[in-house]
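Just so you know, these numbers come straight off a predicted model, no measurement behind them. By convention in this document, chain letters (A, B, ...) are assigned in the order of the sequence lines, proteins followed by strands, and residues within each chain are numbered from 1.
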Number of protein chains: 2
Amino acid sequence: MPDKQNHLPNLQDIATAAGVSTATVSRVLNSPADVRPALREKVEVQIRKLGYVRHGAARALASARSHTVGAVIPTLESAIFASGVNAVENRLTEAGYTLLLAVTNYDLQHEYEQVKALIERGVDGMILVGRDHDPATLIMLERQGCPYVTTWTYTADAPHPCVGFDNADAAHRITAHLLALGHTRIGVIAGITSGNDRARERIAGVKAALKSQQLNLHRKCLIEKPYEVSEGRDAFRTLMALPNDIRPTALFCGNDVLAVGAVLEAQHMGLKVPQNISIVGFDDLPLSAHMSPGLTTVHVPSRRMGEHAADYILACIGGESPDPRNKLPTDIMIRGTTARPSKT
Amino acid sequence: MPDKQNHLPNLQDIATAAGVSTATVSRVLNSPADVRPALREKVEVQIRKLGYVRHGAARALASARSHTVGAVIPTLESAIFASGVNAVENRLTEAGYTLLLAVTNYDLQHEYEQVKALIERGVDGMILVGRDHDPATLIMLERQGCPYVTTWTYTADAPHPCVGFDNADAAHRITAHLLALGHTRIGVIAGITSGNDRARERIAGVKAALKSQQLNLHRKCLIEKPYEVSEGRDAFRTLMALPNDIRPTALFCGNDVLAVGAVLEAQHMGLKVPQNISIVGFDDLPLSAHMSPGLTTVHVPSRRMGEHAADYILACIGGESPDPRNKLPTDIMIRGTTARPSKT
DNA sequence: CTTATTCTTGTAAGCGCTTACATCCTGAAT
DNA sequence: ATTCAGGATGTAAGCGCTTACAAGAATAAG
């Protein structure tokens with residue numbers, strides 16, 4: 001039994017117990033190959049016997065490396081970030097790193113605080129979402145020499161390392177699908193664009209698609225809402241209350257949560273989807289494929305994005321200089337919520 | 001400008017720049033009230049000017065306090081944990097603490113690894129989900145003197161600090177609702193019970209309710225599935241394929257995700273909910289209230305649970321000995337997916 | 001104008017670990 | 001045998017910070 005006076009065993013204790021120096025214990029912990037098997041075994045026995053657990057702070061202080069990577073995401077509520085984070089986590093764990101997760105609730109100021117807290121905790125790298133940030137956030141990261149990468153967005157001229165996809169292009173393509181079906185009055189229930197470049201880009205994509213057909217997005221047909229089912233429902237009702245000549249026959253929703261809300265409200269109002277109204281989403285949540293009808297949406301490579309982001313950071317930590325720009329493809333998933341407009 | 005040779009400013013640099021000792025700088029950082037305003041101001045100016053960021057590892061090492069609390073949850077996918085985690089996070093942030101989040105994917109062995117990683121990172125406290133753990137996990141926590149609390153479950157005889165609710169009782173009550181409507185053949189789509197006491201308790205609650213009416217849960221009417229929409233759909237189909245005399249007229253689902261799957265599959269099969277089949281869930285996800293029909297389910301106080309858990313840990317860290325047992329109430333939300341059985 | 005008391009600030013000893021560097025072995029080559 | 005290379009250990013100097021404790025300054029009391 002270890003010394004009972006609630007003194008946690010430290011390297012020195014193990015060293016003494018095993019009759020070696022602290023350096024040797026440190027080696028069996030960090031580069032076992034450098035220690036002769038016999039000795040190593042003796043040390044490992046003591047480690048187990050005394051229930052030794054590394055003191056991460058001391059290790060970080062002495063080695064200037066915390067073996068920790070931070071990720072700052074907008075919200076935990078969305079399963080879409082969940083799968084990306086899971087992917088990051090798996091990769092990091094494989095490499096002996098721990099993920100520290102923080103949430104901003106789509107608030108850039110809060111993001112700054114979280115990033116600062118993570119830097120104070122000594123993360124060796126950082127994963128961010130999107131291109132919109134408080135400039136101070138990135139400055140701090142640079143100044144601290146903390147490698148970072150932004151995700152969920154890719155633009156050719158991105159000023160910072162990024163792994164993501166082209167939000168505008170994806171929105172453009174799914175809108176083109178709507179246009180090809182013959183819709184001309186398209187409504188948009190977007191996410192809140194302030195501090196959210198993805199939401200803005202998606203709107204831009206819709207507008208571009210419309211423009212290519214000489215169409216316009218009517219001012220009243222664009223609504224910004226937080227990403228919640230109830231908000232999607234509200235927005236849908238608002239849109240359907242518009243006068244006949246501008247009321248949309250098809251809807252682009254900023255993400256699947258809003259789209260699900262819109263579909264549910266439509267059904268609640270007795271409208272048939274897609275016969276009376278077509279609705280598309282963005283993100284392809286696990287639920288989306290299961291709804292009746294299945295939601296037509298943009299599939300986003302969140303898992304792969306997470307893996308790439310983790311690999312990029314790990315490579316940077318390892319002293320490499322990986323390609324700082326990484327564009328992933330998106331897929332348009334045509335399911336049951338889109339059809340030709342009714343001939344009313 | 002700070003010394004350009006990418007030497008991050010440290011306490012000593014600030015001290016020198018401000019013409020004071022490191023102790024004083026440390027004080028303006030940790031207990032500003034102890035420093036004369038004039039001096040404090042001078043130090044703060046330098047901190048801003050040099051872009052100083054605390055070195056958390058050094059601080060943790062010197063003070064034996066990391067200002068960090070760990071939370072280990074089964075999954076990120078479920079919005080229900082998300083809201084609890086958010087609550088924890090808010091409370092901790094208010095208190096100057098940072099939350100370190102880890103995920104187990106419902107694997108107790110993985111949970112052990114995560115807890116160990118967090119302890120190595122020096123968390124000052126830990127929040128766990130449920131009562132099922134690898135004994136080694138709790139032993140490590142005790143041995144390290146790391147205060148912890150389990151959530152999402154409460155039993156009068158809980159051997160460890162816990163803040164949660166009575167899963168069996170809640171399941172019992174919502175089953176009673178089904179029985180009161182006149183159902184006698186009740187099916188259960190449970191979560192995977194291995195390593196998940198909540199799933200087991202919920203089944204136990206259903207059985208107890210049945211027993212109180214001299215009814216039994218038919219062996220074939222109990223299916224365990226991972227918490228996924230598609231699994232709920234599969235299980236539902238299996239249950240409906242049962243022979244007439246045992247096919248359930250009402251379903252208890254281990255959580256809302258499974259219930260949503262069941263409802264969607266029912267509608268997909270052309271069955272009317274609740275006319276042809278009643279379905280209840282557990283957890284009351286944000287989506288559940290919005291479905292058509294609204295899902296009858298158990299509302300769980302996840303937000304309050306998170307707050308209580310955080311407060312408990314913070315109190316422990318502060319040297320207090322708060323009540324280690326905390327029972328929260330659940331609510332049965334009767335919505336649209338339950339009705340009397342049809343007279344077939 | 002002392003002397004006791006209270007505030008401020010500085011001094012310096014670690015916290016537990018990693019890691020150059022020094023030292024000591026081992027065994028192969030001479 | 002003797003020498004030497006190379007591998008296996010040990011030694012000890014910090015990493016950046018907190019915090020007793022000491023010391024000095026300012027205030028209150030006598």
Side-chain angles (χ1 to χ4, degrees), chain A residues 2-3 6-44 46-47 50-68 96 119-122 124 144-145, chain B residues 2-3 6-44 46-47 50-68 96 119-122 124 144-145:
Chain A
D3 184 328
N6 87 341
H7 153 80
L8 293 180
N10 60 19
L11 253 207
Q12 182 61 70
D13 296 330
I14 304 295
T16 306
V20 301
S21 73
T22 59
T24 298
V25 180
S26 176
R27 286 188 195 103
V28 349
L29 252 17
N30 298 311
S31 49
D34 291 353
V35 179
R36 239 175 344 122
L39 244 202
R40 192 197 312 161
E41 175 63 18
K42 211 154 55 163
V43 171
E44 280 167 349
Q46 294 303 326
I47 288 180
L50 303 193
Y52 172 72
V53 176
R54 262 194 187 111
H55 193 301
R59 178 154 101 124
L61 180 57
S63 69
R65 187 114 288 158
S66 71
H67 294 269
T68 259
I119 289 183
E120 285 191 6
R121 262 61 182 183
D124 297 333
Q144 297 283 325
Chain B
D3 181 327
N6 86 342
H7 154 80
L8 293 179
N10 60 20
L11 252 208
Q12 182 63 83
D13 297 330
I14 304 295
T16 306
V20 301
S21 72
T22 59
T24 298
V25 180
S26 176
R27 286 189 196 104
V28 350
L29 251 18
N30 298 309
S31 48
D34 291 354
V35 178
R36 239 179 341 126
L39 244 202
R40 192 198 312 162
E41 175 62 19
K42 211 156 52 164
V43 171
E44 280 166 348
Q46 294 303 327
I47 288 180
L50 303 192
Y52 172 72
V53 176
R54 261 195 186 110
H55 193 301
R59 178 154 100 125
L61 181 57
S63 68
R65 187 113 290 160
S66 70
H67 294 268
T68 258
I119 288 184
E120 284 191 8
R121 263 63 184 180
D124 297 334
Q144 297 284 325

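Taking CZ from B:Arg36 and CD from B:Glu41, the interatomic distance works out to 13.0 Å, rounded to the nearest 0.5 Å. Annotation: the span from B:Asn10 atom CG to B:Arg54 atom CZ amounts to 14.0 Å, rounded to 0.5 Å. The distance from the OG1 atom of A:Thr22 to the CG atom of A:Asp13 is 11.5 Å, given to the nearest 0.5 Å. From A:Asp34, atom CG reaches atom OG of A:Ser26 across 10.5 Å, with rounding to the nearest 0.5 Å. Annotation: the span from B:His67 atom NE2 to A:Glu120 atom CD amounts to 10.0 Å, rounded to 0.5 Å. Distance CG/B:Leu29 to CZ/B:Arg40: 12.5 Å, rounded to 0.5 Å.
One atom, CG of A:Leu39, and another, C1' of C:dC25, lie 13 Å apart when rounded to the nearest Å. B:Arg40 places its CZ atom 12 Å from the C1' atom of C:dT8, with the value rounded to the nearest Å.
Among all heavy-atom pairs drawn from A:Gly122 and A:Ser66, the shortest one is O-OG, 2.6 Å. When all heavy atoms of B:Tyr52 and B:Ile14 are compared, the pair lying nearest together is CB-CD1, 3.6 Å. Between B:Ala60 and A:Ala57, the shortest heavy-atom contact is CB-CB, 3.7 Å.
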Could you run down the sub-3.5 Å N/O contacts of the protein with nucleotides 23-28 of chain D?
none

With sugar-phosphate taken as primed atoms, P, OP1 and OP2 and all else as base, the protein-contact string of nucleotides 12-21 of chain C at under 4.0 Å (heavy atoms; B, S, -) is B-BBBBBBB-
Exercise for review: Please lay out, stage by stage, how B:Thr68 and B:Arg121 fare under the test side chain to side chain contact (heavy atoms under 4.5 Å, CB included).
Suggested key: CA-CA 9 Å; B:Thr68 258; B:Arg121 263 63 184 180; 5.8 Å; no
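An angle of 40°, rounded to 10°, separates the two end axes of the helix from C:dC1-D:dG30 to C:dT30-D:dA1, each defined over five pairs.
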